[in-house]
Novice: 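First the structure, then my questions, so here it is.
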2 protein chains.
Amino acid sequence: MATGRTHRPATRSRGIPEATVARLPLYLRALTALSERSVPTVSSEELAAAAGVNSAKLRKDFSYLGSYGTRGVGYDVEYLVYQISRELGLTQDWPVVIVGIGNLGAALANYGGFASRGFRVAALIDADPAMAGKPVAGIPVQHSDDLEKIIQDNGVSIGVIATPAGAAQPVCDRLVAAGVTSILNFAPTVLTVPDGVDVRKVDLSIELQILAFHEQRKAGEDAAHSDGTGPAAVTREESDASADQGPDGDVPAVMPA
Amino acid sequence: MATGRTHRPATRSRGIPEATVARLPLYLRALTALSERSVPTVSSEELAAAAGVNSAKLRKDFSYLGSYGTRGVGYDVEYLVYQISRELGLTQDWPVVIVGIGNLGAALANYGGFASRGFRVAALIDADPAMAGKPVAGIPVQHSDDLEKIIQDNGVSIGVIATPAGAAQPVCDRLVAAGVTSILNFAPTVLTVPDGVDVRKVDLSIELQILAFHEQRKAGEDAAHSDGTGPAAVTREESDASADQGPDGDVPAVMPA
DNA sequence: ACGTGTGAAGCAGTTCACAGCG
DNA sequence: CGCTGTGAACTGCTTCACACGT
């Protein structure tokens, strides 16, 4: 690595746009599927279709990684898989802890997406003493009293929070204090973290609300026209989400004045 | 395929930017919490802090909805809750079906975020006959043979897919054919849908990979020479996600040449 | 000829900074 | 005054279109 070619050793330079990073996993998945089918090369057009993006965007994205394609031919599948994996840091093993082994935490522990691709569930942690020792997805649940020790013993830097909303911030604080610097938060709460710690949020009810917004719009437009039975309205195959921190609290009923 | 571009009506009369729509649920949650504490008004500054955004952005967002604030005072909490709820379409009831009642589907069914805020789990559907009739979260699971009838009988327009990757597209097709026009996809697959159908995706492994990327970057910077300027490490409280369609297939091991 | 790689144009989203109203 | 509402500047992402290497 870092063997300068024509440019600077820019291979993993600081300059990859966030939007591009967010799409690399997409490309990787599509490429992995091609790899399994022993497809040797792909054009940007083909790969873009498989990943659900447009080809200009894909080429631009890849250009940030380097010039890994061959003009007139396309990209070497195996090589790209490797380069993207490396860029994403998936050539190393990331031990992950899941905190909060309720319905969701258990589902996450069982989710195949974890085991594959460099992520390994190092420990499951729950505050309920009754859970301690009980195996979930083949891994014994440990009590949250030992959280700090578990983090340190396993060299964990990525934590997943699947606790109830109220417990999320305290858990987050302890994780961070113990050395975790990346957090995936499933609780519907805004997490406050110190600089240098990354938080990503997955929030079911926010996603639903966004869908409801568009759904309402469709209904409105339909009504304005005829009572048509056919769907014809807001078409977006590139709806964008973004958003990071969720606000706090549980979500009760909506009923103003 | 995968090229619906249908343009965007742009900001004519009813044009709320997508990025703003994605934040409305955040504001709503923060406002609801305030409402519960009987706080009568908030300033953009306070509310922004609670929602984890900056106040200029919040004011700009609200300006798309109308002028609901009072200069020198702030926003009336109850009134804003109502306006945002209405804008998001949460003043009506949205029946939702969840297809695929495995670990994740069951967790979703039990998730409180569903029940609150205008969403109602109208039915749980699974392909496994052994599941049929078994209650999950108090709702009996129905067999997928009856999917179309269930959708139509309940007037469902929002579907949640929590099946394995391989089943997602067929399920999606049936949902759409039966009248569903908004889909929340938890399967790691790129869903192809006709124009007029909205798809949002929640993908655990993509989120983890994005975290891994930043994590690797932190480690690299620490290990190598420390830069001499400003704060080290990636500090982002506003990391952005985006991304919509995921690519297809399961995700096996990564191991190129 | 073909498909990558990329300047340049175009656009969406964010931030600034201040005018204007209570 | 204080705080909202918003034009205007700015930043970053996407799309275009074509030169260039193979």
Side-chain angles (χ1 to χ4, degrees), chain A residues 5-7 10 14-24 26-27 40-49 51-77 79-80 83 236-245, chain B residues 2-12 15-24 26-27 40-49 51-77 79-80 83 236-245:
Chain A
R5 256 289 161 70
T6 324
H7 284 254
R14 60 183 98 275
I16 300 180
E18 193 56 32
T20 295
V21 172
R23 279 187 298 267
L24 291 181
L26 244 59
Y27 302 143
T41 59
V42 251
S43 67
S44 62
E45 203 67 59
E46 295 166 324
L47 184 54
V53 304
N54 93 28
S55 64
K57 194 186 285 184
L58 178 145
R59 287 201 302 278
K60 183 66 108 184
D61 283 343
F62 285 179
S63 78
Y64 294 118
L65 309 184
S67 289
Y68 295 150
T70 306
R71 292 171 197 237
V73 178
Y75 300 91
D76 181 276
V77 172
Y79 187 56
L80 247 194
Q83 290 299 343
R236 324 198 69 262
E237 83 157 18
E238 287 256 329
S239 69
D240 226 68
S242 306
D244 259 63
Q245 292 293 69
Chain B
T3 312
R5 90 283 40 210
T6 310
H7 212 67
R8 176 198 285 268
T11 314
R12 184 56 61 91
I16 301 177
E18 193 56 33
T20 295
V21 172
R23 280 187 296 267
L24 292 181
L26 244 58
Y27 301 144
T41 58
V42 252
S43 67
S44 62
E45 203 68 57
E46 294 165 323
L47 184 53
V53 302
N54 92 30
S55 64
K57 194 187 285 187
L58 179 144
R59 287 201 302 279
K60 182 66 106 182
D61 283 342
F62 285 179
S63 79
Y64 293 117
L65 309 183
S67 289
Y68 295 149
T70 307
R71 292 168 199 243
V73 178
Y75 300 92
D76 182 275
V77 172
Y79 187 57
L80 246 195
Q83 289 299 344
R236 323 196 77 261
E237 97 159 9
E238 286 253 332
S239 70
D240 226 70
S242 308
D244 259 63
Q245 290 292 67

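Because the structure is predicted, anything quoted here is derived from the model rather than measured. Proteins get letters first, then strands, A, B, ... in listed order; numbering begins at 1 in each.
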Novice: Please report the distance, rounded to the nearest Å, between CG in A/Leu80 and P in C/dT4.
Specialist: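 Going from A/Leu80 (CG) to C/dT4 (P), I get 11 Å.
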Novice: Categorize B/Tyr75 for me: base, sugar-phosphate, or nothing, with a 4.0 angstrom heavy-atom threshold over every strand shown.
Specialist: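 Sugar-phosphate: the residue B/Tyr75, judged by heavy atoms under 4.0 Å, touches backbone atoms but no base.
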Novice: How many Å lie between CG on B/Leu47 and C1' on D/dG2, as a whole number?
Specialist: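 It works out to 17 Å between those atoms.
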Novice: Look at the side chain of B/Ser44 and decide which nucleotide, out of D/dG5, D/dT14, D/dT4, has an atom nearest to it.
Specialist: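 Side chain of B/Ser44 sits closest to D/dT4.
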Novice: B/Leu65 has an atom CG; how far is it from atom C1' of D/dT6, in whole Å?
Specialist: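 My rounded result for the distance is 15 Å.
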Novice: Provide, to the nearest angstrom, the distance between the CD atom belonging to B/Glu18 and the P atom belonging to C/dG13.
Specialist: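 Taking atom P of C/dG13 as the reference, CD of B/Glu18 is at 8 Å.
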Novice: Considering all heavy atoms of both residues, which atom of B/Val21 and which atom of B/Ile16 are nearest to each other, and what is their separation?
Specialist: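 So the minimum-distance heavy-atom pair works out to CG2-CG2, 3.7 Å.
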Novice: Can you name the closest pair of heavy atoms from B/Val42 and B/Glu46 and give their distance?
Specialist: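 Shortest heavy-atom separation between B/Val42 and B/Glu46 comes out as CA-OE1, 3.4 Å.
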Novice: Any N/O pairs under 3.5 Å between the protein and nucleotides 16-22 of chain C? List them or say none.
Specialist:
unit_1	atom_1	unit_2	atom_2	d
C/dG20	N3	B/Arg71	NH1	3.3

Novice: Restricting to non-hydrogen atoms, name the atom on B/Thr41 and the atom on B/Asp76 that form the minimum distance, rounded to 0.1 Å.
Specialist: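 Nearest heavy atoms, B/Thr41 then B/Asp76: CG2-CA, 4.1 Å.
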Novice: Please name the pair of heavy atoms, one in A/Ser44 and one in A/Leu58, separated by the smallest distance, quoted to 0.1 Å.
Specialist: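 Looking at all heavy atoms of both residues, the closest pair is CB-CD2, 3.7 Å.
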Novice: Can you measure B/Leu58 atom CG to C/dG13 atom P for me and round it to whole angstrom units?
Specialist: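 One finds 17 Å between P of C/dG13 and CG of B/Leu58, rounded.
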Novice: Using whole Å, report how far CZ of A/Phe62 lies from P of C/dT6.
Specialist: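 Between P of C/dT6 and CZ of A/Phe62: 14 Å.
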Novice: On the nucleotide D/dT15, are OP1 or OP2 found under 4.0 Å from the side-chain N or O atoms that A/Lys57 carries?
Specialist: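 Checking A/Lys57 against D/dT15: at least one side-chain N or O falls below 4.0 Å of OP1 or OP2.
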Novice: Applying ring pair (Phe, Tyr, Trp, His ring centres under 6.0 Å) between A/Tyr68 and each of A/Tyr75, A/Phe62, A/Tyr79, report the one that passes.
Specialist: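 Of all the options given, the one that passes is A/Tyr79.
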Novice: Supply the atom-to-atom distance A/Glu18 CD to A/Thr20 OG1, rounded to the nearest 0.5 angstrom.
Specialist: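 The OG1 atom of A/Thr20 is 9.0 Å from CD of A/Glu18, to the nearest 0.5 Å.
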Novice: Whole angstroms only, please: what is the CD1-C1' distance between B/Ile16 and C/dA12?
Specialist: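 Taking atom C1' of C/dA12 as the reference, CD1 of B/Ile16 is at 16 Å.
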Novice: What do the steps show when you test A/Leu65 against A/Gln83 for side-chain contact (heavy atoms from CB on, under 4.5 Å), and what is the final call?
Specialist: CA-CA 8 Å; A/Leu65 309 184; A/Gln83 290 299 343; 5.6 Å; no
Novice: Take atom CD of A/Glu45 and atom P of D/dA17, then tell me their distance rounded to the nearest Å.
Specialist: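 It is 15 Å, rounded to the nearest whole Å.
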